[in-house]
Amino acid sequence: MNETAWLFVTTGIGLVVTVAAILGLQRWAGVRAGWQPMVATIRAVVQLAVLALVLHGVFTYAWTAALMLAVMMTVASLTAGKRLHELPYGRRAAAIGIVAAAGTTIALVFGVRMMELTVSNFIAMSGIITGNSMSAATLTGRRFLASSQAQRGEVEGWFALGAPSSTAFGRVSRTAIEEMLLPTIDQTKATGLVTMPGAFVGALIGGASPLEAARFQVVVLVSIMLAQTICGIIVTRVLSRATVIVSDEQPAAPTSDHKRDKATHAKGEAPRQADAANSGAEPEKSGAESDTSGASVEPDSGDSDPAGPAGSPTSDTPESPEPAEAEGDAEDDDRRRAEDALPRRKRNLGK
């Protein structure tokens, strides 16, 4: 086995170990990515192998470079559009943004001769710029969706005032573009200090001088920022044409008719029982209150009018015994005086 074949074998073993580690860590952390990392790796291997074979013909015939760029833009538009299908005009926004951003940036790079127009340079810059434009479209659209849902009240308020959709979604659009550009801006600022970009490393491996590799890398980084800015603006402009906001509510779990009817009956039965209990208790309470009030009126009437309606004393008010007792005492006194006086008269007559 020669050295090249052995290098491919070790690379394949390393890829298997790496993908297994990715899947294991994601499963352990509860990340619901499924088998997507493995599928993406397999697709990358197959697609790059096909690309390596195709590039032989592309480098031979210049017209095939334009065909290669068209294929790149088509695949990028379909991939980003699939991620934005939930949004109104999502697929259209992705396609227009990627094509316009990549095409404008590539034309500018070679138009001002920042790089020499060769087939190899054209393919390399086209792939880098188109790929980053695809990422920009996806990130901008997803961020637009999240921001519009979070700022639903503000957007609906603008619509209620009669503002155009571009004004209603203005803050949402700016937030989406700013958030999308942050990783690229940070990577550009940290280049050479924290990261060694792929274009720089690839140029060095290809035999370019460090100065030439640095120049190539700066052109790539600035071109990426331009393409992503253009893509973000176009994507948000197209998405802002919508007059609705995608709901963030999850659909309710389906319920059978029997369970739904049973739940509805139970919910309606409880208030009816409570109303019946309350209505039954109220008459009893009012009756008791009327009896109590009737009993309390009679003493008040007796106290206010002791003689009653005919002037006679009422049963509740007894007669005063003081006059009868005084008369009886006077009669007893008179009787005793008379009895005492009678013996004295008899004695006087005897003498």
Side-chain angles (χ1 to χ4, degrees), residues 47-48 50-51 54-55 57-85 87-144 166 173-174 176-185 187-188 197-199 202-203 215-241:
Q47 290 164 183
L48 288 174
V50 174
L51 177 62
V54 171
L55 286 179
V58 172
F59 289 153
T60 303
Y61 303 100
W63 63 270
T64 56
L67 179 62
M68 189 70 184
L69 177 60
V71 172
M72 292 179 188
M73 290 184 175
T74 302
V75 175
S77 300
L78 293 175
T79 303
K82 187 183 299 183
R83 296 293 184 183
L84 305 183
H85 71 280
L87 288 162
Y89 309 108
R91 297 181 185 272
R92 185 185 305 177
I96 297 175
I98 291 172
V99 172
T104 303
T105 305
I106 293 171
L108 179 64
V109 168
F110 292 104
V112 299
R113 299 191 65 82
M114 284 191 288
M115 293 190 66
E116 185 181 356
L117 182 56
T118 62
V119 176
S120 58
N121 289 342
F122 184 83
I123 294 297
M125 288 299 299
S126 298
I128 293 172
I129 294 174
T130 305
N132 284 274
S133 298
M134 178 185 68
S135 300
T138 301
L139 294 177
T140 302
R142 302 300 296 178
R143 186 60 187 172
F144 186 93
S166 58
S173 301
R174 290 190 296 270
I177 297 173
E178 292 168 1
E179 294 293 332
M180 177 271 297
L181 287 174
L182 280 179
T184 301
I185 294 174
Q187 183 182 7
T188 304
R215 186 187 71 85
F216 179 68
Q217 183 61 62
V218 171
V219 172
V220 168
L221 291 175
V222 175
S223 301
I224 289 173
M225 280 196 295
L226 175 61
Q228 290 187 338
T229 302
I230 295 173
C231 184
I233 293 173
I234 293 176
V235 168
T236 54
R237 288 293 187 273
V238 176
L239 294 178
S240 296
R241 296 175 58 189

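A quick note: this is a predicted structure, and the numbers were derived from the prediction, not measured. What you see below is based on every heavy atom in this structure, not just the backbone, and it leaves out hydrogens, waters and symmetry mates.
Here the side chains of Leu239 and Thr140 are not in contact, with every heavy-atom distance at 4.5 Å or above. Side-chain contact check for Ser126 versus Met68: every heavy-atom pair is 4.5 Å or farther apart. Here the side chains of Arg241 and Arg92 are in contact, with some heavy-atom distance below 4.5 Å. Ser77 places a side-chain heavy atom less than 4.5 Å from the side chain of Val99. The shortest side-chain heavy-atom distance between Ile123 and Met72 falls under the 4.5 Å cut-off. In this structure, the side chains of Arg237 and Tyr89 stay at 4.5 Å or more apart for every pair of heavy atoms. Residues Met134 and Thr130 fail the side-chain proximity criterion, which asks for heavy atoms closer than 4.5 Å.
Applying the ring-ring contact (aromatic ring centres under 6.0 Å, His included) definition to pairs two or more places apart or across chains, those involving residues 115-134 are Phe110-Phe122. Among residues at least two apart or in separate chains, side chain to side chain donor-acceptor pair (under 3.5 Å) pairs with a member in residues 108-124 are Thr118-Ser120, Thr118-Asn121.
Atom CG of Leu226 and atom CG of Leu108 lie 6.0 Å apart (nearest 0.5 Å). Once rounded to the nearest 0.5 Å, the distance linking CG of Asn132 with CD1 of Ile98 reads 11.0 Å. Summarising the geometry, atom CZ belonging to Arg215 is positioned 9.5 Å from atom CE belonging to Met114; distances are rounded to the nearest 0.5 Å. Taking OG1 of Thr229 as the start and CD1 of Ile224 as the end, the distance is 11.5 Å to the nearest 0.5 Å. Taken from CG in Leu221 to CD in Gln217, the straight-line distance is 4.5 Å, to the nearest 0.5 Å. The distance from the CG atom of Leu84 to the CZ atom of Arg91 is 9.0 Å, given to the nearest 0.5 Å.
Exactly one of Leu181, Ile233, Thr105 qualifies for a side chain to side chain contact (heavy atoms under 4.5 Å, CB included) with Gln228. That residue is Leu181.
Here Arg83 pairs with nothing under the salt bridge (charged side-chain N to carboxylate O under 4.0 Å, His left out) rule; sequence neighbours left out.
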*For the pair Glu179 and Leu139, evaluate side chain to side chain contact (heavy atoms under 4.5 Å, CB included) and give the outcome as yes or no after the intermediate values.*
CA-CA 8 Å; Glu179 294 293 332; Leu139 294 177; over 6 Å; no
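When all heavy atoms of Ser133 and Ala102 are compared, the closest pair comes out as OG-N, 4.0 Å.
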